[in-house]
Amino acid sequence: MKRLLILGLTIVLLICSRGLYARVAGVERGLKPATTGTVQQSQIDIGINKGILGVKIAVPEFQPAATDEKTAALTTLFNQVLWNDLEYSGVLTLVSRSFYPLGKFVNPGDITVDNWTAPAVDAQFISFGSIRVDGGRFSAEARLWDLKNPQNREVKPPSALYRTEDSEDGARLAAHRFADGIIEAIGGGLKGIARTKIAFVSDRSGSKEIYVMDYDGNGVHPLTSYKSITLTPAWSPDGEKIAFTTYRSGKPDIEILSRVDLRPYTFQRAGGTTTTPAWSPDGGKIAFATSRDGSDMEIYVADWNGRNMRRLTVNKAVDISPAWNPKTGNQIAFVSNRDGTPQLYIMDAEGTNVQRIIEDGGSVSNPAWSPDGQRIAFQWQKSRTSYFDIYMYDLATGKYVQLTRDAGDNERPTWSPDGRHLAFESTRRGASHIYSMLANGEGEARQLTQTGKNTAPAWSGYIDN
Amino acid sequence: MTVSGRTKIAVLLVLVSVLLAASCKKKVAVAPTPPPPLPPAAPPPPAPTITLRAQPATIDRGQAATLQWEARNAANVQIEPGLGAVAATGNRAVNPPASVTYTAKATGPGGEATDTARVTVNIPPPPPPPTPPRPPITPVVRMDDLFPQNVLDVFFDYDKADIRSDAMSQLQKNAAFLRQNGNVRFTIEGHCDERGSAEYNLGLGDRRANAAKEFLVQQGIQASRINVISYGEEKPVCREQNEDCYMRNRRAHFTYNP
């Protein structure tokens, strides 16, 4: 009886979430209601919900192979991380553990398929396995089964033995690898993002420095310790290097560090105020903004070592924050106040065919082009007294949707490489922190930072480790 | 010590003194050579003569006078100061900085002779003392202090980099000070309030600083004296979230570069 009730509630919730998905941006904090005319606000299908009702997976807890404290602790951690990774992917429905049959599920012999496909659970897939910690190694013997395919039960990959070092980092990494394998196998064809990283700016040490964390907020470590002002991190597409702006030699200028060994790479000095680096999708070029040859910022492009600088914009205005179309590499979005206030423009990568894409006033900043090249996320303050919120523009239809609302300033969207998530900074709980959310704005945003003031997130591409 | 002891010492001292005196006398007796015998009588050599003249005897400072001399019966002629050993007759141009008396001395087997000549040098009256340069405005105050008292911030409208009329008059005052202190180099910092994105504000702050620079250059301040930097919203003077605070943060700030 109780189970039926919960099932009923779940169905209602799922239907509600579909309704939310279709909702249209409404009235903004007591300001003018959405205006008419050129405003085109409606739903944009970003493909996130594909499979939400289709692929259901049961994720019973992995079992420790020994009873010692360390094995127990790392097993608990592995289970937490695996669950969060799968749930956060946005492409699977995780069946609540309260519906599972009783027992421990370690070996194939422990799985009675009918119990997992019965209406109460109704899972199509199940993951299970055991954890061993010895000899300095953390080992997860992990399986993914297709419960509806008796001929070919085990899905391989990701079913495998995952071996890392016997630490919390090792347990996390093993869980991330397995989760990424599951997503890639059954999540609709895109790779998982559990091993991606997010660079951001934090003042937690007293000065603004660049930090790097795992995509879920764990494993934070500093990239810079310059005791200056350091801003605007940007990943090379291979996830190896981070370009950023720093004041450490006086004027704001672009520098590049290896994420892996903190080795510096030369970026030829441009002069003037030089900032907002953005890597081309092939990693060979960097677009940036500089006032090197005049009285205002212009968009330039150069080889990634700063050589062969070429000016792309010619305008007596602030031109800043370039963002490449990562799919084609032949368009750049940027911000300009050439029409009086900061607005969003796109141009060809040679600087031609400039066109403004948001015509509804206010203050627009920080475009971020989706990995498939079809959408641009950006921040928009519709009037001087309102907050910034994250919006998304669809290039094919020319429509935009509002993704955040009623929650302080929400700024600097950055895409996960699978295009299903956005990280951003928000003052929704007071101090500015980094959050992530599904790219359709649905559901609760995850707070990824806890200390200091944290801004300017930049999500890496896929990192294999 | 007894009286007889003192007496003995006194006697001893006397004896020693006598002995010392005797040895001394003995040395003196040995040292002098006997005087040489006088040469045979001969006619005495003629006594040298010398005459020294200065022509003209009075000059203005910077001009030259000529010394002219003639010596006879002299083996050696010296003129001081400055000329040293010279030929028996001759002349030499001199250019003394001040009045001086030259002395010529002729030395020969017959004795010596001297003559003098004075050159009087007229020193022109000193030029009138130069009018002292206008003292610096307050010479004891250092530029570190002076600069921020005289070169003040100018403020901007929201999301604008245009020079407002109040900013114009302040920039003119700043320019006046900077013209008077023509060797002072300085930085213009562009700042923004916290509204707007941090990235866009870097660009806006850069525009503001450059707008202030362009105005000063039009006022005759050399562009090469001016460094420009944008801090965007990174260095607010005020951190409250109200218009009064925002207003104070939207500024071009000037700092002295020693």
Side-chain angles (χ1 to χ4, degrees), chain A residues 201 203 207-208 228-232 245 247 250-253 271-276 278 289-292 294-299 316-322 334-337 340-343 362-367 378-381 384-388 409 411-412 425 427 432 455-456, chain B residues 156-163 185-218 223-224 226-236 239-243 245-247 249-250 252-253 255 257-258:
Chain A
V201 173
D203 68 354
S207 55
K208 285 194 172 180
S228 173
I229 302 170
T230 303
L231 305 165
T232 72
T245 309
Y247 282 73
K251 288 199 179 191
D253 219 326
T273 296
T274 301
T275 186
T276 58
T290 179
S291 59
R292 68 191 301 246
S295 59
D296 60 273
M297 310 286 285
E298 302 286 355
I299 308 289
K316 182 91 177 166
V318 175
D319 298 307
I320 202 162
S321 296
F334 65 101
V335 170
S336 176
N337 70 353
T341 58
Q343 294 296 329
S363 171
V364 179
S365 277
N366 288 319
F378 59 96
Q379 67 183 75
W380 191 1
Q381 182 188 39
R384 203 194 293 194
T385 50
S386 63
Y387 289 108
F388 272 109
D409 279 317
E411 304 186 56
R412 282 186 264 211
E425 65 178 67
T427 57
S432 181
T455 56
Chain B
F156 295 84
D157 284 338
Y158 172 72
D159 195 16
K160 292 278 187 293
D162 308 313
I163 304 294
R185 291 171 170 273
F186 59 102
T187 293
I188 309 178
E189 301 174 355
H191 297 271
C192 303
D193 68 33
E194 64 172 37
R195 296 172 298 173
S197 74
E199 291 79 5
Y200 173 70
N201 280 337
L202 278 180
L204 183 61
D206 189 79
R207 285 283 293 130
R208 285 174 176 164
N210 274 303
K213 174 182 174 178
E214 282 161 19
F215 190 94
L216 290 179
V217 169
Q218 281 165 17
S224 60
I226 309 173
N227 180 40
V228 164
I229 189 168
S230 171
Y231 282 108
E233 61 181 68
E234 303 298 328
K235 285 193 167 182
R239 292 180 184 274
E240 288 155 40
Q241 292 179 325
N242 54 54
E243 180 50 39
C245 185
Y246 296 151
M247 222 162 57
N249 285 336
R250 294 191 301 261
H253 177 68
T255 57
N257 297 342

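Proteins get letters first, then strands, A, B, ... in listed order; numbering begins at 1 in each. Values below: every heavy atom of this structure, side chains too, minus hydrogens, waters and symmetry copies.
Residues from residues 186-196 of chain B that place a non-hydrogen atom less than 4.5 Å from a non-hydrogen atom of chain A comprise B:Arg195, B:Gly196, given in numerical order.
Per-residue heavy-atom pair counts under 4.5 Å with chain A were compared for B:Leu204, B:Val228, B:Asn210, and the maximum is reached by B:Asn210.
Applying the salt bridge (charged side-chain N to carboxylate O under 4.0 Å, His left out) test to every pair with at least one member in residues 196-207 of chain B, sequence neighbours left out, gives these pairs: A:Arg412-B:Glu199.
Here the straight-line distance linking atom CD1 of A:Ile320 with atom CD of A:Glu298 works out to 11.0 Å at 0.5 Å rounding.
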Could you check A:Glu411 against B:Ser197 for side-chain contact (heavy atoms from CB on, under 4.5 Å), going step by step and ending with a plain yes or no?
-> CA-CA 8 Å; A:Glu411 304 186 56; B:Ser197 74; 4.3 Å; yes
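Annotation: salt bridge (Lys or Arg N to Asp or Glu O under 4.0 Å) contacts of B:Asp157 (sequence neighbours excluded): B:Arg164. With sequence neighbours excluded, the residues that form a ring-ring contact (aromatic ring centres under 6.0 Å, His included) with A:Phe334 are A:Tyr345.
Looking at B:Lys235, the atoms closer than 4.5 Å to chain A (heavy atoms on both sides) all sit in the side chain, from C-beta outward. At a 4.5 Å heavy-atom cutoff, the contact between A:Asp296 and chain B is made by backbone and side-chain atoms alike. In this structure, the portion of A:Thr232 lying under 4.5 Å from any heavy atom of chain B is its side chain and not its backbone. Only the side chain of A:Thr275 comes within contact range of chain B, judged by heavy atoms closer than 4.5 Å.
Listed here is the closest heavy atom pair of A:Pro342 and A:Ser363: CG-OG, 3.3 Å.
Between the side chain of A:Ser365 and the backbone N or O of A:Gln379 there is no donor-acceptor pair closer than 3.5 Å. Between the side chain of B:Asn249 and the backbone N or O of B:Pro236 there is no donor-acceptor pair closer than 3.5 Å.
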